[in-house]
Amino acid sequence: MSVPCVAVARERGETVRSRLADADALDGDHQIAVDGDTIYIPVTGREAVPAEFADRLVERDAERRDRPTTPAEILGYEPSIERLGDIVIVDEDDDDRAREIADAVAASDVPCETVLNRASPIEGELRVRSWDVLVGDDTETVHREYGHEFALDVAAVYFSPRLATERHRVVEQVGAGESAIDMFAGVGPYAVPLASHGAKVVACDLNERAVEYLRENAARNGVADRVTAVAGDVRDLVDSRADTADRLVMNLPHSADEFLDAAVALAGDDCVLHYYDIQHEDDPFGPGRRAIEAAAGDAYAVDVETERVVRSYAPHEYNVCLDVRLTRTVD
């Protein structure tokens, strides 16, 4: 049967497959095929394919694949679950329903070693949460994202797989030789790919366990020589790293505004700032823009190049990103 496929070089297969999965464009009813140096990835329709792959669309006969048993087929409804490496995460207030979902995941063909239910919100300055372990006994895993691997322990560090597309969007903007500072780096989901794209990265986080994983992940992905991992408050970097950054990542959306003075001090003469914020839908970008302009003062011209809604965060609230270019106006 002829179906639309994205045809790309084999070495790009996993990266493109992940991108199509993030866009909900993968056709799970047909098998991915390899012919020579080209991989053919079936998609649900031409209109579902991200524009970057539009010129790679072809029609090709594809074999139907045996559908695995899913949790939804066992339960009779579609559960809310999230994959993180070989961990499946459930988000249920009802303990019985959480256990029902966990049992269905374990009985399905979903590959996993552990099923967890969120037992608390993200708490404290280290941004970690408590978990109920429903299946298995290990909260450590290795998550794969756009060709990179990240070891982490969800009980000890913050990590959101939902931001994969957003992280990739930022990383794709980076040029070789840039000097980047990831101000709240976690286990390295920005820092490691930035380094893979040729940037020299200083990555800072208060969470010492996260920084240990960051160093491991830099080595795991072959960029240890381009990542300097620092445990501590990023404001303490100002004395040693002032005026050096070509790019700054500020992924601390609840309180990034408290660190804007440090960001401006770290910025070089021409610096792109990726500023994450959570704001009400009535004015999602204005507070961040005004805070950046106030911090920059007369020292920098502020040009907001992109205003982007990353995802819905809560009723009437958005997680947003502002890509802002800071250009020095005074010495």
Side-chain angles (χ1 to χ4, degrees), residues 121-127 158 160 162-163 165-174 178-186 189-191 194 199 201-206 232-239 241-331:
I122 295 170
E123 298 174 322
E125 63 181 1
L126 299 186
R127 299 185 294 164
Y158 172 80
S160 174
R162 298 177 184 178
L163 298 178
T165 300
E166 171 61 19
R167 289 189 282 261
H168 186 65
R169 182 190 72 86
V170 169
V171 169
E172 287 289 286
Q173 300 178 37
V174 176
E178 283 191 8
S179 174
I181 299 178
D182 187 350
M183 296 175 65
F184 317 103
Y190 281 96
L194 287 170
V201 184
V202 176
C204 185
D205 202 279
L206 273 178
D233 191 315
V234 68
R235 288 170 289 206
D236 295 336
L237 289 180
V238 169
D239 288 343
R241 302 284 180 175
D243 306 321
T244 62
D246 301 314
R247 191 173 302 272
L248 292 162
V249 179
M250 298 186 73
N251 185 24
L252 192 69
H254 285 288
S255 53
D257 59 321
E258 299 174 15
F259 295 84
L260 278 169
D261 288 343
V264 170
L266 293 167
D269 291 343
D270 184 46
C271 178
V272 175
L273 169 66
H274 303 284
Y275 178 86
Y276 291 88
D277 201 2
I278 291 174
Q279 294 292 342
H280 194 273
E281 63 185 6
D282 289 346
D283 187 16
F285 304 108
R289 186 188 320 111
R290 291 188 289 272
I292 295 167
E293 290 171 346
D298 296 329
Y300 286 88
V302 176
D303 180 18
V304 180
E305 297 183 336
T306 305
E307 294 179 338
R308 171 179 168 81
V309 173
V310 177
R311 58 175 175 163
S312 177
Y313 180 76
H316 309 295
E317 288 188 329
Y318 291 133
N319 180 189
V320 302
C321 181
L322 289 83
D323 297 340
V324 180
R325 185 171 296 276
L326 303 176
T327 307
R328 194 184 303 276
T329 58
V330 296
D331 295 328

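Since this is a predicted model, take the numbers as computed values, not measurements.
For the atom pair OG1 (Thr244) and CG (Leu266), the distance works out to 6.0 Å, reported to the nearest 0.5 Å. Rounding to the nearest 0.5 Å gives a distance of 5.5 Å between CG of Leu326 and CG of Leu273. Put simply, CG on Asp182 and NE2 on His274 are 10.5 Å apart, with the number rounded to the nearest 0.5 Å. To the nearest 0.5 Å, atoms OH (Tyr275) and CG (Asp323) are separated by 13.5 Å. Between the CG atom of Leu163 and the SG atom of Cys321 there is a distance of 10.5 Å, given to the nearest 0.5 Å. Atom CG in Asp236 sits 7.5 Å away from atom SG in Cys204 (nearest 0.5 Å).
Of the possible polar contacts, none joining the Asp277 side chain to the Pro284 backbone as a donor-acceptor pair under 3.5 Å is found. In this structure, Asn319 contributes its side chain and Val310 its backbone to no donor-acceptor pair below 3.5 Å. Checking side-chain atoms of Arg247 against main-chain N and O of Gln173 turns up a donor-acceptor pair under 3.5 Å.
Closest non-hydrogen pair, Arg328 versus Ala267, comes out as NH2-O, 3.3 Å. The minimum heavy-atom distance between Ala262 and Arg235, with the atom names listed, is CB-CG, 3.7 Å. Taking each heavy atom of Val238 and Ala265 in turn, the nearest pair found is CG1-CB, 3.7 Å. Of all heavy-atom pairs spanning Ala203 and Ala185, the tightest one is CB-CB, 3.6 Å. Shown here for Thr329 and Ala301, the closest heavy-atom pair between the two residues is CG2-N, 3.4 Å.
Legend: residues meeting side-chain hydrogen bond (donor to acceptor under 3.5 Å, both in side chains) with Arg127, ordered by chain and number and at least two apart, are absent. Residues satisfying the side chain to side chain contact (heavy atoms under 4.5 Å, CB included) criterion with Val171, sequence neighbours excluded, are Pro193, Leu194, His197. Among residues two or more places apart in sequence or in another chain, the ring pair (Phe, Tyr, Trp, His ring centres under 6.0 Å) test is passed with Phe259 by Phe184. Glu123 meets the side chain to side chain contact (heavy atoms under 4.5 Å, CB included) test with Ser120, Pro121; sequence neighbours excluded. Checked against salt bridge (charged side-chain N to carboxylate O under 4.0 Å, His left out), Arg241 has no partners two or more places apart in sequence or in another chain. For the salt bridge (charged side-chain N to carboxylate O under 4.0 Å, His left out) test, residues two or more places apart in sequence or in another chain that qualify with Glu305 are Arg325. Remark: Asp283 pairs with Arg290 by the salt bridge (charged side-chain N to carboxylate O under 4.0 Å, His left out) rule, at least two apart or across chains. Taking Asp303 as the reference, nothing meets the side-chain hydrogen bond (donor to acceptor under 3.5 Å, both in side chains) condition, with sequence neighbours excluded. The salt bridge (charged side-chain N to carboxylate O under 4.0 Å, His left out) search around Glu166 returns Arg169, Arg308, not counting sequence neighbours. Applying the side chain to side chain contact (heavy atoms under 4.5 Å, CB included) rule to Ser179 yields the partners Asp246; only residues at least two apart in sequence or on another chain are considered.
Among residues at least two apart or in separate chains, there is no ring-ring contact (aromatic ring centres under 6.0 Å, His included) pair with a member in residues 280-311. Pairs of residues two or more places apart, or lying in two chains, that qualify as side chain to side chain donor-acceptor pair (under 3.5 Å) and include a residue from residues 248-267 are His254-Tyr313.
Taking the side chain as every heavy atom from C-beta outward, Leu252 and Met183 never approach each other to under 4.5 Å. With contacts defined as side-chain heavy-atom distances shorter than 4.5 Å, the pair Asp233/Leu206 qualifies. The shortest side-chain heavy-atom distance between Arg289 and Leu322 falls under the 4.5 Å cut-off. Between Tyr276 and Val320, every side-chain heavy-atom pair lies at or beyond the 4.5 Å cut-off.
For Tyr158, the OH atom is densely surrounded, since the number of other residues' heavy atoms within 6.0 Å is greater than 12. For CG of Asp282, the number of neighbouring non-hydrogen atoms (other residues, nucleotides, ligands) closer than 6.0 Å is greater than 12.
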### Stepwise side-chain contact (heavy atoms from CB on, under 4.5 Å) test for Ile181 and Val201
CA-CA 6 Å; Ile181 299 178; Val201 184; over 6 Å; no

### Query
Glu317 and Glu281: side-chain contact (heavy atoms from CB on, under 4.5 Å), yes or no, with the steps?
CA-CA 5 Å; Glu317 288 188 329; Glu281 63 185 6; over 6 Å; no

